[in-house]
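Any value given below was found using the heavy atoms of this structure, including those in side chains, with hydrogens, waters and symmetry copies removed. In what follows, chains carry the letters A, B, and so on, assigned in the order in which the sequence lines appear, proteins first and then strands, with residues in each chain numbered from 1.
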6 protein chains.
Amino acid sequence: MTITRNWLAHAEGSVLVEFGGTRVLCAATVESGVPRWRKGSGLGWVTAEYAMLPRSTNTRNDRESVRGKIGGRTHEISRLIGRSLRACVDYKALGENSVVLDCDVLQADGGTRTAAITGAYVALADAIAWMRQRRMCPGDPLVNSVAAVSVGVVGTEAMLDLDYSEDVKAETDMNVVMTGRGDYVEVQGTAEGTPFDRTALNGLLDLAAVGCAELTRLQTEALA
Amino acid sequence: MTITRNWLAHAEGSVLVEFGGTRVLCAATVESGVPRWRKGSGLGWVTAEYAMLPRSTNTRNDRESVRGKIGGRTHEISRLIGRSLRACVDYKALGENSVVLDCDVLQADGGTRTAAITGAYVALADAIAWMRQRRMCPGDPLVNSVAAVSVGVVGTEAMLDLDYSEDVKAETDMNVVMTGRGDYVEVQGTAEGTPFDRTALNGLLDLAAVGCAELTRLQTEALA
Amino acid sequence: MTITRNWLAHAEGSVLVEFGGTRVLCAATVESGVPRWRKGSGLGWVTAEYAMLPRSTNTRNDRESVRGKIGGRTHEISRLIGRSLRACVDYKALGENSVVLDCDVLQADGGTRTAAITGAYVALADAIAWMRQRRMCPGDPLVNSVAAVSVGVVGTEAMLDLDYSEDVKAETDMNVVMTGRGDYVEVQGTAEGTPFDRTALNGLLDLAAVGCAELTRLQTEALA
Amino acid sequence: MTITRNWLAHAEGSVLVEFGGTRVLCAATVESGVPRWRKGSGLGWVTAEYAMLPRSTNTRNDRESVRGKIGGRTHEISRLIGRSLRACVDYKALGENSVVLDCDVLQADGGTRTAAITGAYVALADAIAWMRQRRMCPGDPLVNSVAAVSVGVVGTEAMLDLDYSEDVKAETDMNVVMTGRGDYVEVQGTAEGTPFDRTALNGLLDLAAVGCAELTRLQTEALA
Amino acid sequence: MTITRNWLAHAEGSVLVEFGGTRVLCAATVESGVPRWRKGSGLGWVTAEYAMLPRSTNTRNDRESVRGKIGGRTHEISRLIGRSLRACVDYKALGENSVVLDCDVLQADGGTRTAAITGAYVALADAIAWMRQRRMCPGDPLVNSVAAVSVGVVGTEAMLDLDYSEDVKAETDMNVVMTGRGDYVEVQGTAEGTPFDRTALNGLLDLAAVGCAELTRLQTEALA
Amino acid sequence: MTITRNWLAHAEGSVLVEFGGTRVLCAATVESGVPRWRKGSGLGWVTAEYAMLPRSTNTRNDRESVRGKIGGRTHEISRLIGRSLRACVDYKALGENSVVLDCDVLQADGGTRTAAITGAYVALADAIAWMRQRRMCPGDPLVNSVAAVSVGVVGTEAMLDLDYSEDVKAETDMNVVMTGRGDYVEVQGTAEGTPFDRTALNGLLDLAAVGCAELTRLQTEALA
């Protein structure tokens, strides 16, 4: 995995994450103010939007803007990224400011949602540093780091970071989002084929912990 | 939990699930034929749609039909229900037929998605029995049962089947879908507040297994 | 016809109307405030939304939320219910408050719009009683009751309350909304086949008056 | 009322109806073939669409194309016009052909829906003549004529053909669609204010019959 | 070309432009206030919307309101008309008022966008006169006149004002918007077939200048 | 300007164009078959879609997919790119195949539409080479090259390739698309402020010719 910071000139934080054939551009936008339902609370907000370019995949997908609506998968992943990044943030220390994380998949080869989370964390950290330089925040809002991996069972073997062809064959697919301290933010495991037992689940969780720790190390290096 | 079969006159399978203050109407519709991308494969398909009536909750929500688009939460839950029910089915034995499971929340008091999965399984079983009577299927498509519970950590205590007021206070919220044999179909755990550790995760999984086993017993009784 | 009050726990007024095979859930929601165009007038507002669950009918209908737009029939019936219920209300006595009536058809076997109006009146009465207990209204806003029937000509015979199979065969279909005092709020007659003459129209109006009087009696009983 | 035939060069039938300050352009389009659900039946179809230009009224209305959806009133009137015109047609004699009637209000001063029906009949008659010249129809599809008036009670007086300022003040508003033989196709009466009694209803129906007979005479003249 | 002023009773300015078989109805609506992004600037705004009636053309087009979205061509032409008319106006002298120009094509036979611009100028002039009578504007906002022609190369010959059949055959199609003083507001030339050289471009520009001058004369006459 | 070919692994042709601070990713997708209205003609088709990432600009723009519709500017530019690229292609030699050009602006600093056209040509050339290797085309469809520049008048000076800050100040803005042979495919000049005269127009066209020739040279180099 390669993490290139400041890939964009305009965004307050921006990262190009490359991971096998997968490339995700993560841009963090700082906005003063919060959504209407949160006004006057003194608390900040973090949200995310995920999308794929039409030709990021092997065959072209229609644009969601042209179809006029967002698909279920896009909705689901955007919400996952938003929840994951919110686990890093102390809303009170952020003050009534918002950070929007745009994760656009330029090229897809498996694991786009976990790459997006891992990259978006770095973009968020940069955006928060930008805010702190300008003294926009009452405190230090960055209280955790997060990284994410996908793990799966292909045949009978637990594997980390499946590429697209392995993903298609996986019996079980699990996305795990962990903090830098090794706690869970999100665990999502799905039996695509045969349901899995507790032993398999434990094996996948062990593997995920190793993967997330390695990604945390890479994030720390990139931010150094 | 109360499971009332045949609540609707027209549907091939229908169940009213009542669970605390939660009431979900699950209707299974049999359609001969499959979606276009699956035609000619000899395989069947199962899908689900979830929705809430506008006044199922404490304050009224706008209708998604009036707003002109489906929200992210609705999309996410519809997809979860569909995946869960597909784990019960042998597509080949189903033949090129589809079953659509409509899960409409008439009243909500926590745990609507897990109640929907648990009820939809019974409606699906009835719909498949209906098909088999008419000899529509080449084999017996029902190869598993599924039931689902939500578990959470309130304060420091793991709890089964949170009602709405407990759900709001939960630090961690986990939905677990298991087969009647005790294997996992889906595990979705989210830290709403503080990230959770492996011990907490194990405690929640233990509790979920007990809850799903009890629901499987109730499903078997209802179908007897 | 059976009228079950308080079918929902959260709504300020709620009724399950059952009428032959037809079941409509009517929920009244009280909201303080009025739509923007009415602000500052000192007058209240009443509106309604009608919808059918996808499997309320013999074959499944696509959800309007999924299609992304509301169909003409839904629009037309929602407007009819709203107009009918507004005839019961003194806007000045209501003050700047709104009542929204959600009429969701759980099962359909003919006459869903007239069942919805008849049930919604009872839900509205309960919601207004709820408001008066809380002294939200400057006066008593409930100045009329309304009930509605569908009448039709099948073959050459005028019939009250057609079920679905009769409705399909009807030459003429008429919906009549009347107050408890026997005046008309709405008369909608349509020749589905052969146009009808004044004599037939008079026969249908006579029959409707009898039907509405009977429904008024049932409403009074239910509210006693 | 002025009826100008052949106002458009391209349409198979077209009429500009002028009626007080109201001007509606009615265009009939002949299409060979019918909607999918009617294919293979040997029967034809007639449908209508109604719309208002943004500045047809006293203040400008946003375009429904810009808002991205059709409002309830537009839906309701389009359906009324379609039903009314279908009463003129023998589907079998039409064969598997469709006629679409576009009724666009260029200027509005009350009674736009009834002017549209009255004008659309003439456009339909011209379109059917056009088809018969080309021998597209197995028989003569035009079996009835229709005309429509709006009548209302202003104060205590029943009045025919209200203009906009009278319409606003009307206690009761009724649209009546009748055949040239004096039978009813559609009767829609609404109490905008006080509910009305049977005597008032009869008075409005009497007045409507006189109005429709006069319009039938004008249609016959225009088509002569 | 015929320019009929005051074709509509309600609009502050309105023109029916007839030009060969093309008929466009241009309505100017005056609104006090400006869009949100311009509030408090002291400057006015002018915008335009273009649309075609479904049967303005040889075959019927679906309504954009029914399809639920505006097509690219409509968007493009609406923007062109708006830009062109804004070239006539001194925003400061207009004050914080808006003029909306609705250009609806009743019948199309080539050159609808240039006819719309030419007619909309006259409607705008009338609307501004209406405002000045009411002393709504701090100064005289009308600082230019605009007129527009389409020119094209059919075969090898440059031609002015192509009708529909010529337009279809044109190798190059150019729309030119000029002020009454002979300066350019907009030049849009497109090679539909073979790319064109500088000589052809110059020939088209010469022809356009002659055409625009003639239209300016007609506008002046109409406004006299 | 930098042109990086094969920036994407999956697309049949792909180019990253960098031009000052502007970066546009152009992907060409080959699809066998043509849109419905062209089937059976033996002719191919080329189309384009343009979009901007939300944070490609200085402040974040809402996604068009989230808003549920495409804006006028996006529509206009997509159509311009499509028309320009179609000028390069012999439809007959292409056979019944389609090429879709997706131009996604990753970062914007003026001139995004002209950069998109210039890059899309190279992606198209690669996609056609890919097709010819697979013998998908009956002939050589690439009959022209195209390149595009934006020119403008800032103050009184004609300038080539304005960056964003110059663009904002420009009195006149012109986009010119030319073939490698020096002929015009599209000329679009707009007076943003004061209308411009023939002399200014000629100056801009001269400058554009120089710029397009230089870009043609760069394209040739890149494809060598």
Requested in this report: Show your reasoning for whether salt bridge (Lys or Arg N to Asp or Glu O under 4.0 Å) applies to B:E12 and C:R55.
Outcome: CA-CA 10 Å; B:E12 284 75 40; C:R55 197 52 203 280; 2.7 Å; yes
**Report entry** Side-chain (C:H10) to main-chain (B:A108) donor-acceptor, under 3.5 angstrom
**Finding:**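 Checking the backbone N and O of B:A108 against the side chain of C:H10, a donor-acceptor pair under 3.5 Å is found.
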Could you check if a side-chain atom of [X] sits within less than 4.5 angstrom of a side-chain atom of [Y], using non-hydrogen atoms only?
| X | Y | value |
| --- | --- | --- |
| B:L53 | C:L53 | yes |
| C:L8 | B:S56 | no |
| C:P54 | B:T29 | no |
| C:D104 | B:L106 | no |

Report task. Sort out for me which of B:R23, B:E64, B:K69 touches chain C most, counting heavy-atom pairs under 4.5 Å. Result ->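 Most heavy-atom pairs under 4.5 Å with chain C: B:R23.
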Give, as side chain, backbone, both or neither, the part of [X] having an atom under 4.5 angstrom from any heavy atom of chain B.
| X | answer |
| --- | --- |
| C:V100 | side chain |
| C:S14 | neither |
| C:A9 | both |
| C:E31 | side chain |

Report summary line: Counting heavy-atom pairs under 4.5 angstrom with chain B, the leader among C:A51, C:A27, C:A11 is C:A11
Requested in this report: Determine whether more than 12 heavy atoms belonging to other residues, nucleotides or ligands lie under 6.0 Å from atom CZ of C:R134.
Outcome: yes
Query - Part of B:R67 within contact of chain C (heavy atom distance under 4.5 Å) - result: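 No part of it gets close to chain C.
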Report summary line: Under 4.5 Å to a heavy atom of chain C? For B:T57 that would be backbone
Report task. May I ask you to say whether B:D102 pairs ionically with C:R63, meaning some side-chain N is under 4.0 Å from a carboxylate O? Result ->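 Answer for the salt bridge query: yes.
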